[in-house]
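The next block holds one structure in the form of structure tokens; read it before the comments.
The shown structure was predicted, so the numbers you read here are calculated from the model rather than taken from an experiment. Because only heavy atoms are used, hydrogens play no part in the values below, and waters and symmetry mates are left out as well, while side chains stay in.
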Amino acid sequence: MDYKNIYEVWCSDPYFDEETKTELKAIEADNDEIQDRFYRRLEFGTGGLRGVIGAGTNRMNIYTVRQATQGLANYIISQNGQRKGVAIAYDSRRMSPEFADEAALCLNANGIKAYCFESLRPTPELSFAVRELGCIAGIVITASHNPREYNGYKVYWEDGAQITPPHDKNILAQVEQVTEFSQVKTMRKEDARAQGLYETIGAQIDDLYMEQLKKQSIHPELIQKAAGDIKIVYTPLHGTGNLPVRRVLKELGFTNVYVVKEQELPDGTFPTVAYPNPEDEKAWTLALALAKEVDADIVLATDPDADRLGVYAKDTQTGEYVSFTGNMSGMLIAEYILRERTKTGTMPGRPALVETIVTTDMAKAIAADYQTTLIEVLTGFKYIGEQIKLFEQEQTYHYVFGLEESYGCLAGTYARDKDACVAVMMLCEVAAYYKLQGMTLWDAMLAMYEKYGYYKEGLATLTLKGMDGAQQIQEMMSEARSNPPKTMGGYKVLAVRDYKEDIRKDMVTGETAPTGLPSSNVLYYELENNAWCCVRPSGTEPKIKYYFGVKGTSLTDAQEKLEALKQDMLKEDS
């Protein structure tokens, strides 16, 4: 059937509720809107679903959530995992509680127990809960940092990480086989509870999770000495971070924590921000105003599902607050952990630092300084989580820290996904450490630049919506593969890594070798003088992403080099 026929079915079939039909009938004169809602099924990618909330096959709604869950249930049954159950959490977005229940009841109808959090929780706590409860899988309803009209559905496997091969492809295949809504099972919540299939969880898991967070502290005694002198402004951006972040800071001894009142409570409409993303400077207006009012040392923001952390720190020379990228804050935490674990004799044998291929090259310099193995993985924290599992299975390395450029990191192995709660805790401990030395986080960052080099990274995106946009993105990637540039931003291209074809080609000698990583639609350009570029389609939004990195002789020099590289890369694809 074409999209118009499918639209008519949704408007008339008794399977769909009246609210859905009313929403769809209101757009009956808008062919473009009908096409966008029905030209395809909402794609179940390698991590799950993400899309605009609304009626239609290409939207997030109770029907597409059920359909995806039925595919997941079929796979769990094929793996004989139904007795282990599935943990389910959700964030503050619109329809999150409803989608969580729909997923649970679909699983229940398939004989699979669901452990459902009583109210919203951070995504990393779901990762923790999967392993703590011995579940076969986990689901979290969230669209992370996407705009307010989005929601999503992420799937985790029993190791606590988002699904990776072979499970991701196998689950995807099962979801694709659920072509008719008549194949989807569900049941009433009262019946599921009565049969012991639907169990509510909450405080007990919270307490265990909190204990694991606090175990990551290296110098709790330093916090006690400096905590009273540090002023912290924090905003959860209307999301899930408010309670766990404030709790862990309080239990560690931080006393001067100021929360942005206008953004304290959960609200899926995100009334004070257009885009609830700590990477967006507009999201910081209220937090920075409060920081100036109370003369804060550091300003922190977590995204709606509390897996990403954004940071500003005061520059005492100017009195202004300086924005930290995820690379910068991640490097501050990474160096602190490596240095202090080494100093205190608590560094495990064969330590490893794990980062994605688009994360700062400063990590390589820091790892070398502390004789720590650095391992690079594809973009996506699930690949960092996978490394923790592999280290344990193969007894090769001990994971000490992992990070990605997009404001996500993880200290410890209690979870297998990035955790803004532990990032807040560790960064505040780092701030306490430097406070006792008369330094701010910005002072510490400048010292790192002086020691390791002025590494600077950037990101640019191009949004191309709809059916035509998806085609354009694929054409752009194909063109880049067919005609690789010889120079970029004044830098000579030394090698091109094509992760989709698993080939690294030396552009000087012509020699080729495998990339050593799984297949992914990513192109990476190794440039001279420690510079690099990378391009890939977003896995969650209709965007193509461009990443850049340089090493300069000063902040100004690095910024100028980065801007030249960025402009040249974007010009190539304009």
Are Ser96 and Asn151 linked by a side-chain donor-acceptor pair shorter than 3.5 Å?
yes

Using a 3.5 Å distance criterion without hydrogens, assess whether the side chain of Arg148 forms a donor-acceptor pair with backbone atoms of Val273.
yes

Side-chain heavy atoms of Val52 within contact of Met60, under 4.5 Å
no

Step by step, work out the side chain to side chain donor-acceptor pair (under 3.5 Å) result for Asp419 and Tyr414.
CA-CA 10 Å; Asp419 188 350; Tyr414 62 91; 2.7 Å; yes

Check: Gln263/Thr235 side-chain N/O donor and acceptor closer than 3.5 Å
yes

Would you please test Thr123 and Lys154 for side-chain contact (heavy atoms from CB on, under 4.5 Å) and show each step?
CA-CA 9 Å; Thr123 287; Lys154 291 198 289 192; 4.0 Å; yes

Heavy-atom distance under 4.5 Å between the side chains of Asn61 and Thr20, does that happen here?
no

Rounded to the nearest 0.5 Å, what separation is found between the NZ atom of Lys214 and the CD1 atom of Ile223?
11.0 Å

Could you verify whether a donor N or O on one side chain and an acceptor N or O on the other, from Arg193 and Thr200, lie under 3.5 Å apart?
yes

Parallel, tilted or perpendicular: ring planes of Tyr153 versus Phe44, cut at 30 and 60 degrees:
perpendicular

Given Arg416, which of Glu392, Glu132, Glu158 fulfils the salt bridge (charged side-chain N to carboxylate O under 4.0 Å, His left out) condition?
Glu392

Applying side chain to side chain donor-acceptor pair (under 3.5 Å) to Glu457 and Thr360, what does each step give before you reach the verdict?
CA-CA 7 Å; Glu457 301 77 30; Thr360 178; 2.8 Å; yes

Donor-acceptor side-chain pairing of Asp297 and Thr440 below 3.5 angstrom
no

Between Phe381 and Val354, is there a side-chain heavy-atom distance shorter than 4.5 Å?
no

Would you check if Tyr90 and Ser119 make a side-chain contact, meaning some heavy-atom pair closer than 4.5 Å?
yes

Would you give the length of the straight line joining atom NE2 of His219 to atom CD of Glu429, rounded to the nearest 0.5 angstrom?
7.0 Å

Polar contact flag, side-chain donor to acceptor under 3.5 angstrom, Asp91-Thr240
no

Parallel, tilted or perpendicular, as decided by the 30° and 60° cut-offs, for the rings of Phe128 and Tyr209:
tilted

Can you tell if the side chain of Ile88 reaches within under 4.5 Å of the side chain of Leu107, non-hydrogen atoms only?
yes

Donor-acceptor pair between Glu405 and Asn327 side chains, under 3.5 angstrom:
no

Salt bridge between Arg37 and Glu33, side-chain N to carboxylate O under 4.0 Å?
yes

Start with the C-alpha distance between Glu279 and Arg308, add both sets of side-chain angles, then the distance that settles salt bridge (charged side-chain N to carboxylate O under 4.0 Å, His left out), and finish with yes or no.
CA-CA 9 Å; Glu279 297 177 71; Arg308 297 175 187 234; 3.1 Å; yes

Any chance you could lay out the ring-ring contact (aromatic ring centres under 6.0 Å, His included) test for Tyr312 and Phe324, step after step, and finish with the verdict?
CA-CA 6 Å; Tyr312 274 75; Phe324 283 55; 8.3 Å; no

Under a 4.5 Å cut-off applied to non-hydrogen side-chain atoms, are Glu386 and Val377 in contact?
no

ring-ring contact (aromatic ring centres under 6.0 Å, His included) for Trp157 and Tyr75? Distances and angles first, verdict last.
CA-CA 11 Å; Trp157 203 239; Tyr75 183 66; 5.4 Å; yes

Checking Asn108 side chain against Leu197 main chain: does a donor-acceptor pair fall under 3.5 Å?
yes

Just by distance, with hydrogens left out, do Asn146 and Tyr275 show a side-chain donor and acceptor under 3.5 Å apart?
no

Are Tyr258 and Tyr234 an aromatic pair by the rule of ring centers under 6.0 Å?
no

With no hydrogens and no angle check, just 3.5 Å: does a side-chain donor-acceptor pair link Thr359 and Glu404?
no

Answer yes or no: is there an ion pair linking Arg121 with Asp305, defined by an N-O contact shorter than 4.0 Å?
no

So, Arg41 and Asn58: side-chain donor and acceptor under 3.5 Å apart, yes or no?
no

Can a salt bridge be assigned to the pair Asp36 and Arg59 using a cut-off of 4.0 Å between side-chain N and carboxylate O?
yes

Rounding to 0.5 Å, atoms OG1 (Thr356) and CG (Leu378) come to a distance of 9.0 Å

So do Lys189 and Leu105 actually touch side chain to side chain, heavy atoms under 4.5 Å?
yes

Val140 side chain reached by Tyr156 side chain, heavy atoms, under 4.5 Å
yes

